[in-house]
S.K.: 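Have a look at the structure that comes next, please.
Ligands are counted one by one from 1 in listed order, and the atoms in each one are counted from 1 as well. The analysis underlying the following values was restricted to heavy atoms, covering all of them including side chains, and did not include hydrogens, waters or symmetry mates.
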Amino acid sequence: MLGKTRRTHYSNEITTSLDGSHTILMGWVHEIRDLGGIIFILLRDRTGIIQITAPSKKTSKDLFKKLRKLKKEYVIEVEGTVKKSPKAPGGVEIIPSNVKVLAKSQQPLPLDPTGKVKAEIDTRLDSRFLDLRRPEVSAIFKIKSRMLHSVRVFLEKEGFIEINTPKLVASATEGGTELFPITYFEREAFLGQSPQLYKQMMMASGLDKVYEIAPIFRAEEHDTLRHLNEVISIDIEAAFMNHEDVMKILERLVVNVIKDIRGHCKDELEILGRELEIPKLPFERLEYDEVVEIVNSQGVHLRYGEDLSRAAEKALGEIMDGYYFIKSWPTSIKPFYVMPREDDPSKSYAFDLMYKDLEISSGAMRVHEHDLLVEKIKKQGLNPRSFESYLSAFRYGMPPHAGWGLGAERFTMALLEIKNIRETVLFPRDRRRLTP
Ligand code: ATP
Ligand code: MG
């Protein structure tokens, strides 16, 4: 049981300058080495690992016995004195005066938190809480947390207002596919695949610039390294702006986040062995036509008017490094709410932000004229009547607007060069996994 005492330091706060000071640490038993006359315990907490050194001569019999009974991953409270010790990792150790077991851990463990015994991703995800005890795993989530924080700070500075739109919805965003149906009392409803229609309706509200960071649900069957069925989408929509305006916001956001992470997550980046370079502004802007040429020149067949296949993305990633935009997508493969180009309506004001071979964001200038929108909904084989409440927002003064959606997990993958999206989610939802 936790008594009256509280932790005085995290392990990374114990430095040689504290030599001789009293300290109370709390954490997990990472490892125990019992050499008979001396016991070493590695105590792990959120910030790192510190050595507890108990020589039998300098330790009371009672305490020595208690230390000897500790097992891996017990949760303990250690009271002791900081001692400078060139031999200890980090140059300091703790000479204990008391130890208290706060919680025991069953043995054997389903997963080795020291990482010495390698485990498959499925085993790791089954015992995610133990997996997260490994510094190289928790580092990913500390960085993801910082990324989301700095996205918020950046967007607020740019004058965006955070909104929350419903995730229980009556109809599809872009058509009837890829949705999870649910029972909503006596009716069928769906889990929202995107806040698209709601954030656009907000453009008629006068709030001008809005953002939302929330889950989106996609009932796609694919089982790939970059798709999940539930992800966090960072969405913005801005009135009186066009595609180029919101692309500028997006590229500046990426650079700001990278600078912030470099400044605040040095330890985590080091643990992951990641050197984050600050990309140069502006990001390169490729026309869709150029992309078709590049992909074909790489020996991968891509017909004009097709969306990028995985092979096409890979071929493009061979040529393109870092972050870049693809713009002027064919109107026919983009959703109805995307604005066609004035000079050539077969092309659109839609764009994607790529990192090497990975799409991390899609956006566009939107159609804001009611009649054109109805026409485009019909052209895509959809019924305007099922979009009635959305369409009504376009009848009473809808300003021109643009926006994008940035996948938080895809962005984390890009930031940390992670190959499997499951590494960037605490409890991933994919084709096969619904627990934990
Ligand atoms: P992809 O073509 O890679 O399947 P998409 O074009 O269908 O993605 P959008 O509808 O454009 O995805 O969604 C905007 C962003 O949301 C994507 O660029 C991506 O970052 C993220 N996203 C969408 N669906 C998924 C998913 N199933 N898994 C992970 N991230 C996703
Ligand atoms: Mg997309």
Side-chain angles (χ1 to χ4, degrees), residues 144 147-148 151 167 172-175 177-180 191-200 211-237 243 246-247 250-251 253-254 257 283 288 291 295 302 306-314 316-317 323-338 348-364 366 380 402-416 418-433:
K144 190 180 181 187
M147 178 272 284
L148 289 170
V151 163
K167 305 303 150 210
T173 309
E174 299 165 24
T177 56
E178 297 173 4
L179 288 167
F180 285 112
L191 294 177
Q193 67 174 134
S194 157
Q196 183 64 31
L197 304 190
Y198 288 100
K199 64 178 185 170
Q200 279 194 271
Y211 76 100
E212 177 164 16
I213 300 177
I216 58 172
F217 304 91
R218 305 250 165 134
E220 298 156 337
E221 294 265 353
H222 40 213
D223 202 358
T224 75
L225 295 178
R226 55 192 209 293
H227 288 98
L228 289 173
N229 297 106
E230 176 178 355
V231 292
I232 298 296
S233 181
I234 301 163
D235 267 273
I236 75 156
E237 202 66 29
H243 55 292
V246 293
M247 283 161 81
L250 181 52
E251 63 187 354
L253 176 143
V254 168
V257 166
F283 294 170
Y288 170 84
V291 169
V295 170
L302 175 66
E306 275 179 349
D307 204 348
L308 299 189
S309 60
R310 183 62 197 139
E313 281 180 346
K314 277 193 173 158
L316 193 56
Y323 295 92
Y324 60 98
F325 286 107
I326 303 175
K327 51 186 277 198
S328 305
W329 285 82
T331 304
S332 58
I333 53 169
K334 286 290 168 184
F336 63 78
Y337 48 77
V338 165
S348 73
Y349 290 119
F351 60 85
D352 276 5
L353 177 63
M354 307 288 294
Y355 177 77
K356 298 182 179 175
D357 65 355
L358 185 70
E359 176 194 319
I360 64 169
S361 173
S362 283
R366 324 294 190 185
Q380 303 230 335
W404 43 252
L406 166 69
E409 289 74 22
R410 295 265 181 102
F411 190 22
T412 307
M413 289 170 79
L415 290 169
L416 302 178
I418 289 172
K419 293 284 166 258
N420 189 343
I421 194 167
R422 289 159 189 79
E423 298 276 1
T424 70
V425 179
L426 290 173
F427 301 106
R429 291 291 172 259
D430 65 22
R431 186 71 187 83
R432 290 165 299 122
R433 184 174 284 277

S.K.: Do F351 and W404 have side chains that approach each other closer than 4.5 Å (heavy atoms only, starting at C-beta)?
M.R.: yes
S.K.: Using a 4.0 Å cutoff against the non-hydrogen atoms of G405, which atoms of ligand 1 qualify?
M.R.: 14 (C), 15 (C)
S.K.: Specify the closest pair of heavy atoms between E212 and P195, including all atoms of both residues, with the distance to one decimal.
M.R.: OE1-CB, 3.6 Å
S.K.: How about E306 and S309: does a side-chain donor come under 3.5 Å of a side-chain acceptor?
M.R.: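 The answer is no; no qualifying pair exists.
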S.K.: Less than 4.5 Å apart, any side-chain heavy atom of R410 and any of H227?
M.R.: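 Touching, per the 4.5 Å side-chain cut-off.
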S.K.: Would you find a donor on one side and an acceptor on the other, under 3.5 Å apart, between the side chain of S348 and the backbone of W329?
M.R.: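 It does hold such a pair.
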S.K.: Should I216 be counted as touching ligand 1, given the test is an N or O pair under 3.5 Å?
M.R.: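 No, I216 has no N/O under 3.5 Å of an N/O on ligand 1.
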S.K.: Would you say S361 contacts ligand 1, with heavy atoms under 4.0 Å as the rule?
M.R.: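 Right, S361 reaches ligand 1.
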S.K.: Report yes if the side chains of V425 and V231 come closer than 4.5 Å at any heavy-atom pair, otherwise no.
M.R.: no
S.K.: Judged by non-hydrogen atoms, does R226 sit under 4.0 Å from ligand 1?
M.R.: yes
S.K.: So does K356 pair up with E313, basic N to acidic O under 4.0 Å?
M.R.: no
S.K.: Who gets closest to atom 18 (O) of ligand 1 by heavy atom: Q193, E359, R310, E230?
M.R.: E359
S.K.: Any idea which N/O/S atom from E359 gets closest to the Mg ion (ligand 2)?
M.R.: OE2
S.K.: What I want to find out is whether D223 reaches R431 closely enough, with some N-O distance under 4.0 Å, to be called a salt bridge.
M.R.: no
S.K.: Would you mind running through ligand 1 and noting each atom that sits below 4.0 Å from a heavy atom of E220?
M.R.: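 Heavy-atom distances to E220 below 4.0 Å select 27 (N).
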S.K.: Hey, is the Mg ion (ligand 2) within less than 2.8 Å of some N/O/S atom on S362?
M.R.: yes
S.K.: Backbone or side chain, does any N or O of L406 fall under 3.5 Å from an N or O of ligand 1?
M.R.: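 No, L406 has no N/O under 3.5 Å of an N/O on ligand 1.
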S.K.: Atoms of ligand 1 less than 4.0 Å from R218 heavy atoms?
M.R.: 7 (O), 9 (P), 10 (O), 12 (O), 13 (O), 23 (C), 24 (N)
S.K.: Just say parallel, tilted or perpendicular for the rings of F283 and Y323, cut-offs at 30° and 60°.
M.R.: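 It falls in the parallel class, under 30°.
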S.K.: Any Lys/Arg nitrogen of E237 or R366 sitting under 4.0 Å from an Asp/Glu carboxylate oxygen of the other?
M.R.: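 Judged by the 4.0 Å cut-off on N to carboxylate O distance, E237 and R366 do form a salt bridge.
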S.K.: Using a 4.0 Å heavy-atom cut-off, say whether V231 meets ligand 1 through its side chain, its backbone, both or neither.
M.R.: side chain
S.K.: Could you check which of S362, A364, G407 puts a non-hydrogen atom nearest to atom 11 (O) of ligand 1?
M.R.: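 The nearest heavy atom belongs to S362.
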S.K.: Hey, is I421 touching ligand 1 through its side chain, its backbone, both or neither, going by heavy atoms under 4.0 Å?
M.R.: side chain
S.K.: Between R410 and ligand 1, is there a nitrogen or oxygen pair with a distance under 3.5 Å?
M.R.: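 For ligand 1, there is an N or O atom that lies under 3.5 Å from one belonging to R410.
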S.K.: Side chain, backbone, both or neither: which part of H227 comes within less than 4.0 Å of ligand 1 when only heavy atoms are counted?
M.R.: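 The answer is both.
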